Amino acid sequence: MNDNDISDQGITTVTQIGDTDKRIVEVLQEYGCVRRFSEGDWISQEGTPREWFAVLLSGELELLYGRYGDPRRVGLLGPGAMVFEGFLMDDQNPHRLSTQAVVAGQLLVLDTVAKERLQQERADFWNDLILRVAMRLRARLRETTARMVEHGEPDFAIGTTRMERDSLGVREIPADAYYGVQTLRAMENFPISGQHLNHYGNLCTGLAMVKKAAAQANHELGVLEADKAEAIAAACDEIIQGKLRRHFVLDMIQGGAGTSTNMNANEVIANRALELLGHQRGDYTQLHPLDHVNLSQSTNDAYPTSVKIAVLLTVQQALNSLGELSSALKAKSDEFSDVLKMGRTENQDAVPMTLGQEFGAYAGMVASARRALEHATLEMHRINMGATAIGTGLNSPAGYARLVTDKLTIISGLPLSLADDLVEATQDSGAFAYLSGAMKRVAIQVSKICNDLRWLSSGPRAGLNEINLPPMQPGSSIMPGKVNPVVPEMVNQVCYQIIGFDATIGIAAEASELELNMAEPIMAYDLLQGMTILNNALIVLTNRCVRGITANRDVCQGYVQRSIGLVTALNPVLGYERSSLVAKEALKTGGSVYDLVIAKGWLSQEQLDELLEPSRMTSPMQPRT
């Protein structure tokens, strides 16, 4: 939401709706202001500070939980709803949920200053408002508890098991597990990273979308009965909604080119579908993980397609966060447009510029990286569903590849397309490498910005000290008063990891041999993990660092006046000989160019200050003589 979009006009009349009534709105209107927002705007993001309270006057807001690659809607707010009530109670904890606009509208906002005025001037109203907030929070807690009970998964008694058989024999499976015997074996074979499929909700969603599309296509082509197709689709819908994900238990790193992941999905979906049909989990004579859920598929088309969907869903969050960072940097560029400072090349004084130009360059850099990342996603829309094992489509009915792609496009909402050559698409991992390269570019450019922020804020007494980063935590266990640039440092490390991921993905993409790439799981892990930590780091960088940066104007101005580089800007006025003379004298004596020019009578202080105006110093036009 743009904080500059503030107006005192057009406040919607609220009678008795949601959490508030007409009286509350009328009183708050005297103290607050109206902020407009557009569809898709982020009103708050999980983990950011609470800075104001509001009443939703018009529009709709959705509450999202889980920024770690898989935000899920947990609530919807309509006109009259209170937003960020914890701010009124001095809750110092950051936001636990993200809030995004579904429909454009307006908020009546009460910030810290307005809140303090209201407390002092209208104590009676303030007490009523806090009581209303407490009552509403209690009601929401009741609603949440009821919803958890209503939608909770059925459980079996602890310690009970069921028996399942595969080609290697019979194994005991926990009775409450929706996964089956093949998943159990893979759990035993691959205890590697501790990062499980259910840590990446978008991958669970991608798998469910693929299986739902396959069931629909198979039924339409007459190879799957209607009741089975409907049960499979219903089970998939539950997974897409966020249920059953704790049963996606496998490690992300595994052998078999993703076969274990595919089987984990097949078994979870089959067992939930069995329940929906009135059967027991594990009764595969009624509905089978392979014969029905995996019908017309191979891991070699279902798995990479699921990964591509998961990556596309995850990358969208990173694109949004990049846009937020670019906007925050642009806002700082505007704020610092009149702050003259020294530019530096090779860590040496160069020529004057404004701090605004420096931050404007950062904003442009992030916007450029965002465009590159968005362009790289285009390759990920080309899928190989219907290829089955190696691209020949063996064991799938005629017309299946095109139909399942159409179904999946509708289910996912993504502009997917069927690859022209399914044999090529099944063995080629170039799209993963291309997207990884774009992600690395983002990491490189964001890390460069963080390097600069750490240098520009260094000190405060023995460094550059041109800007102040918001202090986030004490910086030392031995040095009192020390505050470190912890947010840029964290982002730097995230970027290093992503650069390393790109090396791994490049090697893994090259590892494709003959008709299949066995290393797709490590590419999936690195892409999803990389995009997730990048998105989270961008959110923290924007909200816990960039938005709170301030300029040390006097320090910046002092560097300009003392810098030898100033003579470059004065050269058109003083001439080369006098400029060289004053530069040498400044170096020899330690004096400032500014003071020496005035002392020699070459320019008055008024003339020199006029020449040092930011608009003159940083424009391509030479100063007037």
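Side-chain atoms are counted along with the backbone in the values below, which use heavy atoms only and exclude waters and symmetry mates. If you're wondering where the values come from, they're calculated on a predicted model, not measured in any experiment.
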ask   = In this structure, are over 12 heavy atoms from other groups packed under 6.0 Å from K407 atom NZ?
value =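 Atom NZ in K407 is packed in, count exceeds 12.
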inquiry  = Does atom CE (M518) have a neighbourhood of more than 12 heavy atoms from anything else shown, all under 6.0 Å?
reply    =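 At most 12 heavy atoms, drawn from other residues, nucleotides or ligands, come within 6.0 Å of this atom.
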key: Stepwise side-chain hydrogen bond (donor to acceptor under 3.5 Å, both in side chains) test for T388 and S396   = CA-CA 7 Å; T388 64; S396 66; 5.4 Å; no
request  = Could you walk me through whether L64 and L97 pass side chain to side chain contact (heavy atoms under 4.5 Å, CB included), step by step?
outcome  = CA-CA 6 Å; L64 302 171; L97 302 173; over 6 Å; no
4.5 Å side-chain heavy-atom contact, [X] and [Y]:
X: H219; Y: E225; answer: no
X: R281; Y: L274; answer: no
X: L77; Y: E60; answer: no
X: I173; Y: M163; answer: no
X: M252; Y: F190; answer: no
X: S321; Y: W42; answer: no
X: L61; Y: L76; answer: no
X: R245; Y: T205; answer: yes

Checking side-chain polar atoms at under 3.5 Å, does [X] have a donor or acceptor matched by the opposite partner on [Y]?
X: D251; Y: S193; value: yes
X: Q182; Y: S260; value: no
X: S429; Y: S512; value: no
X: Y178; Y: E275; value: yes
X: K228; Y: N218; value: no
X: N271; Y: E267; value: no
X: S368; Y: R441; value: yes

request  = Could you point out which residue of R165, H292, E164, H279 forms a side-chain hydrogen bond (donor to acceptor under 3.5 Å, both in side chains) with Y284?
outcome  =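 So the option named by the test is E164.
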State whether [X] and [Y] are salt-bridged, where the test is any N-O pair (Lys NZ or Arg NE/NH1/NH2 against Asp/Glu carboxylate O) under 4.0 Å.
X: E379; Y: K308; value: no
X: K448; Y: D452; value: yes
X: R171; Y: D166; value: no

Donor-acceptor pair, distance only, cut-off 3.5 Å: does the side chain of [X] make one with the backbone of [Y]?
X: Q254; Y: T261; answer: yes
X: R272; Y: A235; answer: no
X: T183; Y: Y179; answer: no
X: N517; Y: A508; answer: yes
X: H288; Y: L290; answer: yes
X: D41; Y: I43; answer: no
X: N300; Y: A389; answer: yes
X: D301; Y: G386; answer: yes
X: Q100; Y: G40; answer: yes
X: T409; Y: T405; answer: yes

Once rounded to the nearest 0.5 Å, what's the spacing between atom [atom1] of [X] and atom [atom2] of [Y]?
X: L224; Y: S296; atom1: CG; atom2: OG; result: 8.5 Å
X: N384; Y: I390; atom1: CG; atom2: CD1; result: 12.0 Å
X: M439; Y: T377; atom1: CE; atom2: OG1; result: 13.0 Å
X: N543; Y: E324; atom1: CG; atom2: CD; result: 7.5 Å
X: E238; Y: I269; atom1: CD; atom2: CD1; result: 11.0 Å
X: T299; Y: N262; atom1: OG1; atom2: CG; result: 3.5 Å

ask   = So F84 and H95, would you call those rings parallel, tilted or perpendicular, with 30° and 60° as cut-offs?
value =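 Ring orientation, 0 to 90° scale: tilted.
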Smallest separation among heavy atoms of [X] and [Y], with atom names:
X: I499; Y: A443; answer: CG1-CB, 4.3 Å
X: N264; Y: V249; answer: OD1-N, 3.1 Å
X: F248; Y: L207; answer: CE2-CD1, 4.1 Å
X: A234; Y: L276; answer: CB-CD1, 3.7 Å
X: P521; Y: G258; answer: CG-N, 3.6 Å
X: K211; Y: A302; answer: NZ-CB, 4.1 Å

request  = Could you please spell out the steps behind the side chain to side chain contact (heavy atoms under 4.5 Å, CB included) verdict for T314 and N535?
outcome  = CA-CA 9 Å; T314 306; N535 178 58; over 6 Å; no
request  = Using the side chain to side chain contact (heavy atoms under 4.5 Å, CB included) rule, take Q497 and I533 through it: C-alpha gap first, then chi angles, then the decisive distance, then the call.
outcome  = CA-CA 9 Å; Q497 182 66 77; I533 62 175; 4.1 Å; yes
ask   = Please walk me through it: do M187 and L250 pass side chain to side chain contact (heavy atoms under 4.5 Å, CB included)?
value = CA-CA 6 Å; M187 290 169 63; L250 292 185; 3.5 Å; yes
key: Qualifying residue, where the test is side-chain contact (heavy atoms from CB on, under 4.5 Å) with V491 and the options are N536, L534, L453, L541   =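 One option only clears the test, and that one is L541.
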query = When you look at Y362 and Q445, which way does the side-chain hydrogen bond (donor to acceptor under 3.5 Å, both in side chains) test go after all the steps?
reply = CA-CA 9 Å; Y362 300 153; Q445 291 176 283; over 6 Å; no
